[in-house]
2 protein chains.
Amino acid sequence: MSKGEQAQKRIVEAANALIYQQGYNTTSISDVANAIGVTKGNLQYHFRSKEDLLEAVINFRLKEIDKQLQHWELEYPTPTLRLKRFVQMIVNEEVSLVRFGCPMGSLNMELGKSQKLLQAKSLVMFNCYLAWLEKQFRTIDNRNGKSLSRHLMTRAQGAALMAYIYQDPKWLKDECKQINSWIDTQVST
Amino acid sequence: MSKGEQAQKRIVEAANALIYQQGYNTTSISDVANAIGVTKGNLQYHFRSKEDLLEAVINFRLKEIDKQLQHWELEYPTPTLRLKRFVQMIVNEEVSLVRFGCPMGSLNMELGKSQKLLQAKSLVMFNCYLAWLEKQFRTIDNRNGKSLSRHLMTRAQGAALMAYIYQDPKWLKDECKQINSWIDTQVST
DNA sequence: GTCTATAAGAAGATAGAC
DNA sequence: GTCTATCTTCTTATAGAC
């Protein structure tokens, strides 16, 4: 990796964290620059505009999601275990979900209010998870794979949102238990 | 109502709409002033700061919610009908929910990222609905009233969020159907 | 109560020195 | 590649005329 690529990676990772924690609109170029100890002029050398930087952050997140889903596919032999692993992720990420919300849901919501074009780009993250969930559900119930995956995502997002709003992991735990029970009922039919 | 109160009401209603449609951070005082054809200097006479204006908007919304819940209480004789009316609201508001998301959920999410104090204030809106839902559920299942009301709100928020993210009312319709079925199962137990 | 004028600061983006 | 300096625009907020 060249020196320039290294610098870019550092910027993207810092921007990723700050955008998640503070939101996109309330994170300035200076914030990101300060976080890694460079000047904002430097940042604007690597990324012409703030939108370019956001796009890089979204691509970074996409790669991480892809890695994760491929890993789960290898590690868990059955669709049921994979679906439960997805739910388990929510429980595992409890602390950050309560503090900052879902990285996909909160970013998409924010961009939708004022930057419809960027919102469309951040949609690919959801597509990524949904396609994977659908694949798993189809091996259980081929006809309803799409609607089952959507239902799961809907409930996961609802749980993450309420836990964030009330700053309380209870919302996550309670709903995830019920989601797991629901998965069991789908498997046995 | 005095001339001053009338002016304030116009401002709050315009701010309410714009904050819902564009988000709080991306709505400026000038935006609100332009929307009702006055200058921003005028707005700052009625509301010292942008935060003051937001607080007035939240109070305005709270009153509307209270009116609505009282109305439902009078119009629908049973808790089951009232719960279904709550779900029906989501279907009725489909167009604006898809375009702008849930007014409570989106505002709270945005404020949570950067203004924790204001987020706490906007929480009262959720408390309002949740207390009402809990009251209805308690007449059906006294022991689990709280958790049932939370579950309903979680799923409603998930549906609204996904419909907004994908700009597609399908997410709302599908989930609301399932929520209604779930209410039926709770009633019959 | 409503307006204009203006301050004071923050933000995104550009140009040029090193 | 990184920095400083600067430009421009936008935003909140204040002061004072009408």
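Per chain, numbering begins at 1; letters A, B, ... match sequence-line order.
- Per the geometry, CD1 belonging to Ile36(B) stands 13 Å off C1' belonging to dG1(C), to the nearest Å.
- Computed from coordinates, the Leu53(A) CG to dA13(C) P distance equals 10 Å when rounded to whole Å.
- Each of dA13(C), dT2(C), dA13(D) was ranked by its minimum atom distance to the side chain of Tyr45(B); first place goes to dT2(C).
- Using a 4.0 Å heavy-atom distance criterion, Thr26(B) is classed as making no nucleic acid contact.
- For the segment residues 1-23 of chain A, the set of residues with a heavy atom within less than 4.0 Å of an atom of DNA chain C is empty.
- The separation between Ile29(B) atom CD1 and dT6(C) atom C1' is 17 Å, rounded to whole Å.
- A donor atom on one side chain and an acceptor atom on the other are found under 3.5 Å apart for Asn127(A) and Tyr166(B).
- Taking the ring centre of Tyr24(A) as origin, the terminal cationic atom of Lys50(A) falls inside the region bounded by 6.0 Å and 45° from the ring axis.
- In this structure, Tyr24(A) places its OH atom 13 Å from P of dA11(C), rounding to the nearest Å.
- A donor atom on one side chain and an acceptor atom on the other are found under 3.5 Å apart for Asn25(A) and Glu110(A).
- Which of dA11(C), dG1(D), dT12(D) sits closest to the side chain of His46(A) comes down to dG1(D).
- In this entry the distance linking NZ of Lys50(A) with C1' of dA11(C) reads 8 Å, nearest Å.
- Proximity of Asn42(B) to the phosphate of dG1(C): no side-chain N or O atom is located under 4.0 Å from OP1 or OP2.
- Going from atom CG of Asn34(A) over to atom C1' of dT2(D) covers 15 Å, rounded to whole Å.
- Between the CG atom of Leu43(A) and the C1' atom of dA15(C) there is a distance of 17 Å, rounded to whole Å.
- With rounding to whole Å, Phe47(A) atom CZ is found 12 Å from dT2(D) atom P.
- Taking 4.0 Å as the cut-off between side-chain N and carboxylate O, Lys146(A) and Asp141(A) do not count as a salt-bridged pair.
- Note on Thr39(B): a side-chain N or O is less than 4.0 Å away from OP1 or OP2 of dC3(C).
- Of the candidate nucleotides dG12(C), dT12(D), dT2(C), dG12(C) has the atom lying nearest to any side-chain atom of Ser28(A).
- The only member of Arg99(B), Lys170(B), Lys173(B) that meets salt bridge (Lys or Arg N to Asp or Glu O under 4.0 Å) when paired with Glu94(B) is Lys173(B).
- Residue Glu55(B) is tested with Arg48(B), Lys121(B), Arg61(B) for a salt bridge (Lys or Arg N to Asp or Glu O under 4.0 Å); the sole match is Lys121(B).
- Residues Phe47(A) and Val12(A) meet the side-chain proximity criterion, which asks for heavy atoms closer than 4.5 Å.
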